Amino acid sequence: MLLGCIGDDFTGSSDLGNTLARAGMRVVQYSGTPSAPADPSVEAGIVALKSRTLPVADAVRLSLEALDWLRAQGCRQFLFKYCSTFDSTPQGNIGPVAEALADALGADRVIFCPAFPATGRTIFQGHLFVGDRLLSESGMQDHPLTPMRDPDLRRWLGHQTREGVGHIPAATVWQGPNAVRAALAAQEHRFVVTDAIRDEDLVTLGKAVADQALLTGGSGIALGLPGNFRAQGLLSAEGPRWRGQPGPVAALSGSCSRATRGQVARHIADGNPAMEIDPEAVMAGTMTPRDAAPWALSQGGLPLVYSSADPDAVRAVQARHGTEAVAARLDAFFAETACLLVAGGVTRLITAGGETSGAVVEGLSVASLEIGPEIDPGVPAIRAGEALVLALKSGNFGAEDFFAKAAERLGR
(Lines give C-alpha, C1' and ligand atoms only; values in the text may rest on other atoms or scores of the structure.)
Protein backbone atom coordinates (compact mmCIF):
# COMPACT_ATOMS: atom_id res chain seq x y z
CA MET A 1 0.00 0.00 0.00
CA LEU A 2 1.37 3.39 -1.07
CA LEU A 3 -1.22 5.92 0.07
CA GLY A 4 -3.06 5.65 3.37
CA CYS A 5 -6.26 7.65 3.71
CA ILE A 6 -8.53 8.35 6.67
CA GLY A 7 -12.04 9.59 5.84
CA ASP A 8 -14.39 11.12 8.39
CA ASP A 9 -17.48 9.65 6.71
CA PHE A 10 -18.42 6.95 4.22
CA THR A 11 -19.65 8.94 1.22
CA GLY A 12 -16.64 11.26 1.39
CA SER A 13 -14.36 8.26 1.52
CA SER A 14 -15.92 6.73 -1.59
CA ASP A 15 -15.67 10.13 -3.26
CA LEU A 16 -11.92 10.04 -2.55
CA GLY A 17 -11.74 6.48 -3.81
CA ASN A 18 -13.40 7.62 -7.02
CA THR A 19 -10.71 10.28 -7.55
CA LEU A 20 -7.87 7.81 -7.00
CA ALA A 21 -9.43 5.00 -9.07
CA ARG A 22 -10.02 7.35 -12.01
CA ALA A 23 -6.31 8.13 -11.92
CA GLY A 24 -5.45 4.43 -12.16
CA MET A 25 -4.86 3.34 -8.57
CA ARG A 26 -6.23 0.10 -7.15
CA VAL A 27 -8.38 1.34 -4.28
CA VAL A 28 -10.18 -0.42 -1.44
CA GLN A 29 -12.32 1.39 1.12
CA TYR A 30 -12.54 -0.21 4.56
CA SER A 31 -15.50 0.15 6.91
CA GLY A 32 -13.61 1.16 10.02
CA THR A 33 -10.10 0.04 10.87
CA PRO A 34 -9.50 -3.55 9.67
CA SER A 35 -8.25 -6.24 12.00
CA ALA A 36 -6.20 -8.03 9.33
CA PRO A 37 -3.59 -6.93 6.78
CA ALA A 38 -4.66 -5.53 3.41
CA ASP A 39 -4.47 -7.54 0.21
CA PRO A 40 -1.05 -6.92 -1.38
CA SER A 41 -2.67 -5.63 -4.58
CA VAL A 42 -4.16 -2.56 -2.84
CA GLU A 43 -2.29 0.62 -3.78
CA ALA A 44 -4.50 3.11 -1.93
CA GLY A 45 -6.33 2.12 1.24
CA ILE A 46 -9.11 4.28 2.68
CA VAL A 47 -10.25 3.70 6.24
CA ALA A 48 -13.75 5.16 6.32
CA LEU A 49 -14.82 6.31 9.77
CA LYS A 50 -18.16 7.66 10.91
CA SER A 51 -16.32 10.29 12.95
CA ARG A 52 -17.42 13.64 11.53
CA THR A 53 -19.93 14.38 14.26
CA LEU A 54 -18.57 12.21 17.07
CA PRO A 55 -17.23 13.80 20.26
CA VAL A 56 -13.74 15.15 19.58
CA ALA A 57 -11.94 12.62 21.78
CA ASP A 58 -13.63 9.69 20.01
CA ALA A 59 -12.87 11.09 16.56
CA VAL A 60 -9.20 11.51 17.47
CA ARG A 61 -8.93 8.02 18.96
CA LEU A 62 -10.49 6.32 15.92
CA SER A 63 -8.34 8.34 13.52
CA LEU A 64 -5.13 7.38 15.32
CA GLU A 65 -6.16 3.72 15.29
CA ALA A 66 -6.66 3.98 11.53
CA LEU A 67 -3.27 5.67 11.15
CA ASP A 68 -1.54 2.88 13.06
CA TRP A 69 -3.05 0.24 10.77
CA LEU A 70 -2.19 2.17 7.60
CA ARG A 71 1.39 2.66 8.76
CA ALA A 72 1.63 -1.10 9.33
CA GLN A 73 0.65 -1.63 5.67
CA GLY A 74 3.75 0.31 4.59
CA CYS A 75 2.08 3.51 3.36
CA ARG A 76 4.46 6.22 2.19
CA GLN A 77 2.04 9.14 2.55
CA PHE A 78 -1.16 9.85 4.47
CA LEU A 79 -4.27 11.87 3.66
CA PHE A 80 -6.96 12.99 6.10
CA LYS A 81 -10.09 13.43 4.01
CA TYR A 82 -13.04 15.58 5.11
CA CYS A 83 -15.98 17.14 3.31
CA SER A 84 -15.53 19.63 0.48
CA THR A 85 -17.76 21.98 2.48
CA PHE A 86 -15.45 21.61 5.52
CA ASP A 87 -18.31 20.22 7.62
CA SER A 88 -17.40 20.80 11.27
CA THR A 89 -18.22 22.91 14.30
CA PRO A 90 -16.09 25.52 16.10
CA GLN A 91 -15.02 22.70 18.47
CA GLY A 92 -13.91 20.27 15.74
CA ASN A 93 -13.45 17.68 14.49
CA ILE A 94 -11.16 18.64 11.62
CA GLY A 95 -8.59 20.61 13.60
CA PRO A 96 -8.15 18.22 16.55
CA VAL A 97 -7.88 15.15 14.31
CA ALA A 98 -5.36 16.88 12.05
CA GLU A 99 -3.30 17.91 15.09
CA ALA A 100 -3.22 14.35 16.40
CA LEU A 101 -2.22 12.89 13.03
CA ALA A 102 0.45 15.55 12.49
CA ASP A 103 1.91 14.91 15.93
CA ALA A 104 2.00 11.15 15.34
CA LEU A 105 3.74 11.58 11.97
CA GLY A 106 6.03 14.42 12.99
CA ALA A 107 4.61 16.61 10.22
CA ASP A 108 5.75 20.24 10.54
CA ARG A 109 3.64 21.68 7.68
CA VAL A 110 0.17 20.45 6.75
CA ILE A 111 -2.02 21.84 3.97
CA PHE A 112 -5.82 22.17 4.22
CA CYS A 113 -7.65 22.23 0.90
CA PRO A 114 -11.27 21.02 0.63
CA ALA A 115 -11.64 22.43 -2.92
CA PHE A 116 -13.44 20.29 -5.51
CA PRO A 117 -14.00 22.43 -8.63
CA ALA A 118 -15.92 19.67 -10.48
CA THR A 119 -18.73 20.09 -7.93
CA GLY A 120 -18.35 23.87 -7.57
CA ARG A 121 -16.23 23.95 -4.40
CA THR A 122 -13.41 26.45 -4.76
CA ILE A 123 -11.15 28.37 -2.37
CA PHE A 124 -10.04 31.93 -3.04
CA GLN A 125 -8.32 34.22 -0.53
CA GLY A 126 -8.89 31.53 2.07
CA HIS A 127 -12.68 31.63 1.61
CA LEU A 128 -14.70 28.58 0.52
CA PHE A 129 -17.24 29.02 -2.27
CA VAL A 130 -20.01 26.68 -3.44
CA GLY A 131 -20.68 27.67 -7.02
CA ASP A 132 -20.82 31.46 -7.06
CA ARG A 133 -21.86 31.71 -3.39
CA LEU A 134 -19.83 31.88 -0.23
CA LEU A 135 -20.19 28.72 1.86
CA SER A 136 -22.26 30.64 4.42
CA GLU A 137 -24.83 31.50 1.72
CA SER A 138 -24.91 28.11 -0.02
CA GLY A 139 -27.48 26.32 2.14
CA MET A 140 -24.79 24.80 4.34
CA GLN A 141 -25.69 27.38 6.98
CA ASP A 142 -28.82 25.26 7.50
CA HIS A 143 -27.05 21.91 7.95
CA PRO A 144 -28.71 20.18 10.95
CA LEU A 145 -25.44 18.85 12.44
CA THR A 146 -22.62 21.04 11.14
CA PRO A 147 -24.04 24.43 10.13
CA MET A 148 -21.34 26.40 8.29
CA ARG A 149 -21.84 30.10 8.91
CA ASP A 150 -18.30 31.36 8.25
CA PRO A 151 -16.66 30.86 4.81
CA ASP A 152 -13.17 31.90 6.01
CA LEU A 153 -11.41 28.57 6.46
CA ARG A 154 -8.52 30.18 8.31
CA ARG A 155 -10.83 31.60 10.92
CA TRP A 156 -13.00 28.47 11.20
CA LEU A 157 -9.99 26.16 11.52
CA GLY A 158 -8.46 28.61 13.97
CA HIS A 159 -11.37 27.99 16.36
CA GLN A 160 -10.57 24.27 16.38
CA THR A 161 -6.81 24.15 16.89
CA ARG A 162 -4.04 25.45 19.08
CA GLU A 163 -1.97 25.87 15.92
CA GLY A 164 -1.89 29.14 14.00
CA VAL A 165 -3.31 28.96 10.50
CA GLY A 166 -1.42 30.27 7.46
CA HIS A 167 -2.47 30.78 3.85
CA ILE A 168 -1.05 30.20 0.36
CA PRO A 169 -2.95 32.35 -2.18
CA ALA A 170 -3.98 31.37 -5.69
CA ALA A 171 -1.35 33.69 -7.18
CA THR A 172 1.35 31.50 -5.64
CA VAL A 173 -0.33 28.24 -6.64
CA TRP A 174 -0.47 29.42 -10.26
CA GLN A 175 3.32 29.77 -10.26
CA GLY A 176 3.67 25.99 -9.93
CA PRO A 177 4.83 23.30 -7.48
CA ASN A 178 8.20 24.86 -6.72
CA ALA A 179 6.58 28.15 -5.70
CA VAL A 180 4.14 26.29 -3.44
CA ARG A 181 6.97 24.31 -1.83
CA ALA A 182 8.86 27.51 -1.14
CA ALA A 183 5.77 29.23 0.27
CA LEU A 184 5.02 26.23 2.46
CA ALA A 185 8.55 26.15 3.84
CA ALA A 186 8.37 29.88 4.60
CA GLN A 187 5.09 29.63 6.53
CA GLU A 188 5.13 30.74 10.13
CA HIS A 189 2.30 28.35 11.01
CA ARG A 190 2.08 24.57 10.95
CA PHE A 191 -1.39 24.47 9.36
CA VAL A 192 -1.83 26.17 5.98
CA VAL A 193 -5.02 26.77 3.98
CA THR A 194 -4.32 26.73 0.25
CA ASP A 195 -6.38 28.37 -2.47
CA ALA A 196 -7.57 26.28 -5.44
CA ILE A 197 -10.13 27.21 -8.07
CA ARG A 198 -9.24 24.77 -10.90
CA ASP A 199 -8.39 21.09 -11.13
CA GLU A 200 -4.96 22.19 -12.35
CA ASP A 201 -4.43 23.93 -9.01
CA LEU A 202 -5.10 20.70 -7.15
CA VAL A 203 -2.64 18.81 -9.35
CA THR A 204 -0.06 21.52 -8.61
CA LEU A 205 -0.65 21.18 -4.89
CA GLY A 206 -0.39 17.40 -5.12
CA LYS A 207 3.00 17.66 -6.80
CA ALA A 208 4.14 20.26 -4.29
CA VAL A 209 3.44 18.02 -1.29
CA ALA A 210 4.86 14.81 -2.78
CA ASP A 211 7.40 14.62 0.05
CA GLN A 212 5.04 15.64 2.86
CA ALA A 213 3.99 12.88 5.26
CA LEU A 214 0.49 14.28 5.78
CA LEU A 215 -1.96 16.38 3.81
CA THR A 216 -5.65 17.11 4.39
CA GLY A 217 -8.55 18.12 2.22
CA GLY A 218 -11.49 17.03 0.14
CA SER A 219 -11.21 14.34 -2.48
CA GLY A 220 -9.91 16.85 -5.03
CA ILE A 221 -6.59 17.21 -3.21
CA ALA A 222 -5.79 13.64 -4.29
CA LEU A 223 -5.86 14.50 -8.01
CA GLY A 224 -2.10 14.93 -8.20
CA LEU A 225 -1.05 12.11 -5.87
CA PRO A 226 -1.27 9.07 -8.20
CA GLY A 227 1.03 10.86 -10.65
CA ASN A 228 3.67 11.17 -7.95
CA PHE A 229 3.67 7.40 -7.41
CA ARG A 230 3.49 6.69 -11.15
CA ALA A 231 6.55 8.84 -11.76
CA GLN A 232 8.41 6.57 -9.34
CA GLY A 233 7.26 3.45 -11.22
CA LEU A 234 5.23 2.22 -8.23
CA LEU A 235 1.73 1.78 -9.73
CA SER A 236 0.34 -1.32 -11.43
CA ALA A 237 -0.17 -0.93 -15.17
CA GLU A 238 -3.54 -2.73 -14.97
CA GLY A 239 -5.37 -0.24 -12.77
CA PRO A 240 -8.78 -0.90 -11.17
CA ARG A 241 -11.24 -3.58 -12.35
CA TRP A 242 -15.05 -3.49 -12.38
CA ARG A 243 -18.08 -5.69 -13.13
CA GLY A 244 -21.69 -4.59 -12.76
CA GLN A 245 -24.43 -6.45 -10.95
CA PRO A 246 -27.86 -7.36 -12.34
CA GLY A 247 -30.90 -7.69 -10.12
CA PRO A 248 -33.39 -5.63 -8.09
CA VAL A 249 -32.52 -2.07 -7.08
CA ALA A 250 -33.67 0.32 -4.33
CA ALA A 251 -32.70 3.75 -3.00
CA LEU A 252 -32.59 5.21 0.52
CA SER A 253 -32.23 8.91 1.24
CA GLY A 254 -31.75 10.60 4.62
CA SER A 255 -30.11 13.79 3.36
CA CYS A 256 -31.75 17.20 3.75
CA SER A 257 -29.41 19.01 1.35
CA ARG A 258 -30.77 21.12 -1.49
CA ALA A 259 -29.21 18.82 -4.06
CA THR A 260 -30.78 15.67 -2.63
CA ARG A 261 -34.18 17.30 -2.19
CA GLY A 262 -34.01 18.23 -5.88
CA GLN A 263 -33.10 14.65 -6.79
CA VAL A 264 -35.99 13.29 -4.75
CA ALA A 265 -38.39 15.73 -6.44
CA ARG A 266 -37.09 14.73 -9.89
CA HIS A 267 -37.40 11.03 -9.05
CA ILE A 268 -41.03 11.49 -8.03
CA ALA A 269 -41.83 13.77 -10.99
CA ASP A 270 -40.52 11.07 -13.33
CA GLY A 271 -43.18 8.70 -11.99
CA ASN A 272 -40.98 6.49 -9.84
CA PRO A 273 -42.34 4.88 -6.64
CA ALA A 274 -41.41 6.78 -3.47
CA MET A 275 -42.27 6.48 0.22
CA GLU A 276 -41.69 9.47 2.49
CA ILE A 277 -40.59 8.69 6.02
CA ASP A 278 -42.03 10.92 8.72
CA PRO A 279 -39.38 11.44 11.44
CA GLU A 280 -42.11 11.99 14.03
CA ALA A 281 -43.61 8.59 13.17
CA VAL A 282 -40.17 6.99 13.38
CA MET A 283 -39.58 8.56 16.81
CA ALA A 284 -43.00 7.33 17.95
CA GLY A 285 -42.39 3.83 16.61
CA THR A 286 -45.44 3.91 14.36
CA MET A 287 -43.30 3.74 11.19
CA THR A 288 -40.62 1.06 11.11
CA PRO A 289 -38.26 -0.63 8.63
CA ARG A 290 -40.75 -3.48 8.49
CA ASP A 291 -43.16 -1.03 6.91
CA ALA A 292 -40.64 0.49 4.48
CA ALA A 293 -38.73 -2.58 3.25
CA PRO A 294 -41.74 -4.73 2.23
CA TRP A 295 -43.21 -1.75 0.42
CA ALA A 296 -39.99 -1.23 -1.56
CA LEU A 297 -39.62 -4.94 -2.35
CA SER A 298 -43.17 -5.00 -3.74
CA GLN A 299 -42.52 -2.18 -6.21
CA GLY A 300 -41.28 -2.36 -9.75
CA GLY A 301 -38.59 -0.08 -11.14
CA LEU A 302 -36.55 1.97 -8.66
CA PRO A 303 -38.35 2.46 -5.32
CA LEU A 304 -37.11 5.27 -3.08
CA VAL A 305 -37.53 5.46 0.70
CA TYR A 306 -36.70 8.99 1.84
CA SER A 307 -36.80 11.37 4.80
CA SER A 308 -35.27 14.36 3.01
CA ALA A 309 -37.40 17.02 4.67
CA ASP A 310 -37.13 20.80 4.50
CA PRO A 311 -34.54 22.11 7.02
CA ASP A 312 -37.23 23.96 9.00
CA ALA A 313 -39.20 20.74 9.44
CA VAL A 314 -36.05 18.91 10.53
CA ARG A 315 -35.24 21.59 13.11
CA ALA A 316 -38.75 21.35 14.52
CA VAL A 317 -38.40 17.58 15.07
CA GLN A 318 -34.94 18.08 16.59
CA ALA A 319 -36.29 20.71 18.97
CA ARG A 320 -38.90 18.26 20.26
CA HIS A 321 -36.70 15.16 20.58
CA GLY A 322 -33.07 16.32 20.52
CA THR A 323 -30.69 16.46 17.56
CA GLU A 324 -28.65 13.39 18.49
CA ALA A 325 -31.69 11.28 19.32
CA VAL A 326 -33.35 12.02 15.97
CA ALA A 327 -30.14 11.37 14.02
CA ALA A 328 -29.52 8.07 15.81
CA ARG A 329 -33.08 6.84 15.30
CA LEU A 330 -33.09 7.70 11.58
CA ASP A 331 -29.67 6.11 11.06
CA ALA A 332 -30.92 2.93 12.72
CA PHE A 333 -34.10 3.05 10.61
CA PHE A 334 -32.18 3.19 7.32
CA ALA A 335 -29.61 0.61 8.44
CA GLU A 336 -32.29 -1.95 9.28
CA THR A 337 -34.23 -1.12 6.11
CA ALA A 338 -31.09 -1.75 4.04
CA CYS A 339 -30.54 -5.12 5.72
CA LEU A 340 -34.13 -6.16 5.02
CA LEU A 341 -33.85 -5.04 1.38
CA VAL A 342 -30.66 -7.02 0.79
CA ALA A 343 -32.13 -10.06 2.56
CA GLY A 344 -35.15 -9.68 0.26
CA GLY A 345 -33.01 -9.89 -2.87
CA VAL A 346 -31.89 -6.32 -3.65
CA THR A 347 -28.47 -6.44 -5.33
CA ARG A 348 -28.10 -2.73 -6.22
CA LEU A 349 -28.53 -0.27 -3.36
CA ILE A 350 -28.27 3.52 -3.60
CA THR A 351 -27.98 5.75 -0.53
CA ALA A 352 -27.99 9.54 -0.23
CA GLY A 353 -26.44 11.37 2.71
CA GLY A 354 -23.16 10.81 4.51
CA GLU A 355 -24.65 9.79 7.86
CA THR A 356 -27.25 7.59 6.16
CA SER A 357 -24.64 5.89 4.00
CA GLY A 358 -22.37 5.25 6.96
CA ALA A 359 -25.23 3.73 8.94
CA VAL A 360 -26.19 1.50 6.01
CA VAL A 361 -22.65 0.22 5.46
CA GLU A 362 -22.26 -0.50 9.17
CA GLY A 363 -25.67 -2.15 9.29
CA LEU A 364 -24.78 -4.42 6.38
CA SER A 365 -21.49 -5.35 8.12
CA VAL A 366 -19.50 -4.66 4.96
CA ALA A 367 -15.80 -4.83 5.81
CA SER A 368 -14.31 -3.58 2.54
CA LEU A 369 -15.51 -1.84 -0.60
CA GLU A 370 -13.92 -2.11 -4.04
CA ILE A 371 -14.06 1.28 -5.77
CA GLY A 372 -15.33 1.19 -9.36
CA PRO A 373 -16.20 3.69 -12.12
CA GLU A 374 -17.65 7.16 -11.59
CA ILE A 375 -21.43 7.69 -11.65
CA ASP A 376 -21.37 11.48 -11.15
CA PRO A 377 -18.50 13.71 -10.01
CA GLY A 378 -17.48 12.51 -6.57
CA VAL A 379 -19.68 9.37 -6.56
CA PRO A 380 -18.30 6.00 -7.70
CA ALA A 381 -19.93 2.64 -8.18
CA ILE A 382 -18.80 0.30 -5.41
CA ARG A 383 -18.71 -3.47 -5.08
CA ALA A 384 -19.55 -4.52 -1.53
CA GLY A 385 -19.83 -8.27 -2.01
CA GLU A 386 -20.20 -11.08 -4.52
CA ALA A 387 -23.80 -10.08 -5.25
CA LEU A 388 -24.08 -6.52 -3.90
CA VAL A 389 -23.07 -3.18 -5.38
CA LEU A 390 -23.60 0.25 -3.84
CA ALA A 391 -23.70 3.94 -4.66
CA LEU A 392 -22.98 6.04 -1.56
CA LYS A 393 -23.78 9.67 -2.34
CA SER A 394 -22.92 12.71 -0.27
CA GLY A 395 -26.01 14.84 0.20
CA ASN A 396 -24.66 17.71 -1.89
CA PHE A 397 -23.45 15.64 -4.86
CA GLY A 398 -25.02 14.32 -8.03
CA ALA A 399 -27.15 15.53 -10.93
CA GLU A 400 -30.94 15.78 -10.65
CA ASP A 401 -31.37 12.36 -12.28
CA PHE A 402 -28.80 10.75 -10.00
CA PHE A 403 -30.96 7.89 -8.72
CA ALA A 404 -31.78 6.65 -12.24
CA LYS A 405 -28.21 7.16 -13.41
CA ALA A 406 -26.79 5.24 -10.44
CA ALA A 407 -29.18 2.32 -10.93
CA GLU A 408 -28.11 2.02 -14.56
CA ARG A 409 -24.37 2.27 -13.87
CA LEU A 410 -24.42 -0.24 -11.03
CA GLY A 411 -25.91 -2.80 -13.38
CA ARG A 412 -23.20 -2.76 -16.02
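The chain is numbered in sequence order, starting from 1. Keep in mind that this is a model prediction, so the values were computed, not measured.
- For Arg383 and Glu370, the salt-bridge test fails: no basic side-chain N is under 4.0 Å from an acidic carboxylate O.
- A donor-acceptor contact shorter than 3.5 Å links the side chain of Trp242 to the backbone of Arg412.
- A donor and an acceptor atom, one from each side chain of Ser253 and Ser255, are nowhere located under 3.5 Å apart.
- In plain terms, the two heavy atoms of Ala407 and Leu302 that are nearest each other are CB-CD2, 4.0 Å.
- Formation of a donor-acceptor pair under 3.5 Å by the Thr351 side chain with backbone atoms of Thr356 is not found in this model.
- Between Phe334 and Tyr306, the ring center distance fails the sub-6.0 Å criterion.
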*Does the salt bridge (charged side-chain N to carboxylate O under 4.0 Å, His left out) test come out yes or no for Arg190 and Glu163, once each step is laid out?*
CA-CA 7 Å; Arg190 188 186 201 187; Glu163 309 283 350; 3.0 Å; yes
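- Proximity of a side-chain donor or acceptor of Arg230 to a complementary backbone N or O of Ala23 within less than 3.5 Å is detected.
- Proximity of Pro380 to Glu374: side-chain heavy atoms (C-beta onward) are nowhere separated by under 4.5 Å.
- The stretch residues 323-339 participates, sequence neighbours left out, in these side chain to side chain donor-acceptor pair (under 3.5 Å) pairs: Lys50-Asp331.
- The shortest distance between side-chain heavy atoms of Val56 and Val97 does not fall below 4.5 Å.
- Applying the side chain to side chain donor-acceptor pair (under 3.5 Å) test to every pair with at least one member in residues 75-90, sequence neighbours left out, gives these pairs: Tyr82-Thr216, Ser84-Arg121, Thr85-Asp87, Ser88-Trp156, Ser88-Gln160, Thr89-Gln91.
- Atoms OG and CG, from Ser31 and Leu49 in turn, are 9.0 Å apart once rounded to the nearest 0.5 Å.
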*Test side chain to side chain contact (heavy atoms under 4.5 Å, CB included) on His127 and Asp152 and set out the steps.*
CA-CA 4 Å; His127 287 64; Asp152 188 331; 3.6 Å; yes
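- In the model, Asp401 has no side-chain atom that pairs as donor or acceptor with a side-chain atom of His267 under 3.5 Å.
- Distance alone, capped at 3.5 Å, is enough to place a donor-acceptor pair between the Arg181 side chain and the Lys207 backbone.
- Pairing each heavy atom of Ala338 with each of Leu252, the nearest pair is CB-CD1, 3.9 Å.
- Separation of the Phe124 and Phe129 ring centroids does not fall under the 6.0 Å cut-off.
- Residues Phe86 and Met140 are not in side-chain contact: their nearest non-hydrogen atoms beyond the backbone lie 4.5 Å or more apart.
- Counting only heavy atoms from C-beta outward, the side chains of Leu128 and Leu134 never approach each other to under 4.5 Å.
- To the nearest 0.5 Å, the span separating CG on Leu67 from CD1 on Ile6 amounts to 5.0 Å.
- Scored by the side chain to side chain contact (heavy atoms under 4.5 Å, CB included) test, Asp132 finds no partners at all (sequence neighbours excluded).
- With hydrogens and angles left out, the side-chain atoms of Asn396 and Ser394 include no donor and acceptor closer than 3.5 Å.
- Residues Arg409 and Pro373 have side chains in contact (heavy-atom distance under 4.5 Å, counting atoms from C-beta outward).
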*Taking it one step at a time, do Asp376 and Lys405 satisfy salt bridge (charged side-chain N to carboxylate O under 4.0 Å, His left out)?*
CA-CA 8 Å; Asp376 263 340; Lys405 188 183 297 185; 2.8 Å; yes
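- Taken from CG in Leu202 to CD1 in Ile123, the straight-line distance is 8.0 Å, to the nearest 0.5 Å.
- No donor-acceptor contact under 3.5 angstrom links the side chains of Thr11 and Ser14, judged on distance only.
- Here the closest heavy-atom approach between residue Ser357 and residue Phe10 is recorded as C-CB, 4.4 Å.
- Between Arg261 and Ser257 there is no side-chain heavy-atom pair separated by less than 4.5 Å.
- Gln263 places a side-chain N or O within 3.5 Å of a backbone atom of Gly398 that can act as its donor or acceptor partner.
- For the pair Val342 and Leu364, the tightest heavy-atom approach, listed with the atom from each and the gap, is CG2-CD2, 3.8 Å.
- The minimum heavy-atom distance linking Phe80 with Ala98 is given by the pair CE2-N, 4.1 Å.
- The main-chain N or O of Asn228 is found under 3.5 Å from a side-chain atom of Gln232 such that the two form a donor-acceptor pair.
- A distance-only check finds no donor-acceptor pair linking the side chain of Asp201 to the backbone of Ala170 [under 3.5 Å].
- Put simply, the side chain of Asp291 gets close to the backbone of Thr288: a donor and an acceptor are under 3.5 Å apart.
- In this structure, Asp195 CG and Thr122 OG1 are separated by 9.0 Å, a value rounded to the nearest 0.5 Å.
- In this structure, a donor-acceptor pair under 3.5 Å is absent between the side chains of Gln125 and His167.
- Closest approach of Ile382 to Leu410, counting heavy atoms only: N-CD2, 4.3 Å.
- Open room surrounds CG on Asp211; 12 or fewer heavy atoms of other groups in view lie less than 6.0 Å from it.
- Atoms CG and CD1, on Leu330 and Ile277 in that order, are 9.0 Å from each other to the nearest 0.5 Å.
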*asked:* salt bridge (charged side-chain N to carboxylate O under 4.0 Å, His left out), that's the test. Do Arg71 and Asp68 meet it? Break it down for me.
replied: CA-CA 5 Å; Arg71 294 178 84 169; Asp68 287 342; 5.1 Å; no
*Should Cys5 and Phe78 be marked as a side chain to side chain contact (heavy atoms under 4.5 Å, CB included) after you check the CA-CA gap, both sets of side-chain angles, and the distance that decides it?*
CA-CA 6 Å; Cys5 308; Phe78 301 88; over 6 Å; no
*In sequence, state the C-alpha distance, the side-chain angles, and the governing distance for Ser136 and Met148, and then conclude on side chain to side chain contact (heavy atoms under 4.5 Å, CB included).*
CA-CA 6 Å; Ser136 53; Met148 296 300 295; over 6 Å; no
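- Side-chain contact between Thr19 and Asp15: present, with at least one pair of heavy atoms (C-beta onward) separated by less than 4.5 Å.
- Side chains of Thr161 and Glu99: a donor-acceptor N/O pair is present below 3.5 angstrom, by distance only.
- In this structure, the side chain of His189 does not engage the main chain of Phe191 through any donor-acceptor pair within 3.5 Å.
- A heavy-atom distance below 4.5 Å is not found between the side chains of Arg348 and Leu388.
- In Arg290, the CZ atom is not crowded: 12 or fewer heavy atoms of neighbouring residues, nucleotides or ligands sit closer than 6.0 Å.
- We find the OG-CG distance between Ser51 and Asp58 to be 10.0 Å, quoted to the nearest 0.5 Å.
- Annotation for Arg133: atom CZ does not count as buried by contact number, only 12 or fewer foreign heavy atoms lying within 6.0 Å.
- At least one donor-acceptor pair closer than 3.5 Å links the side chain of Asn93 to the backbone N or O of Leu54.
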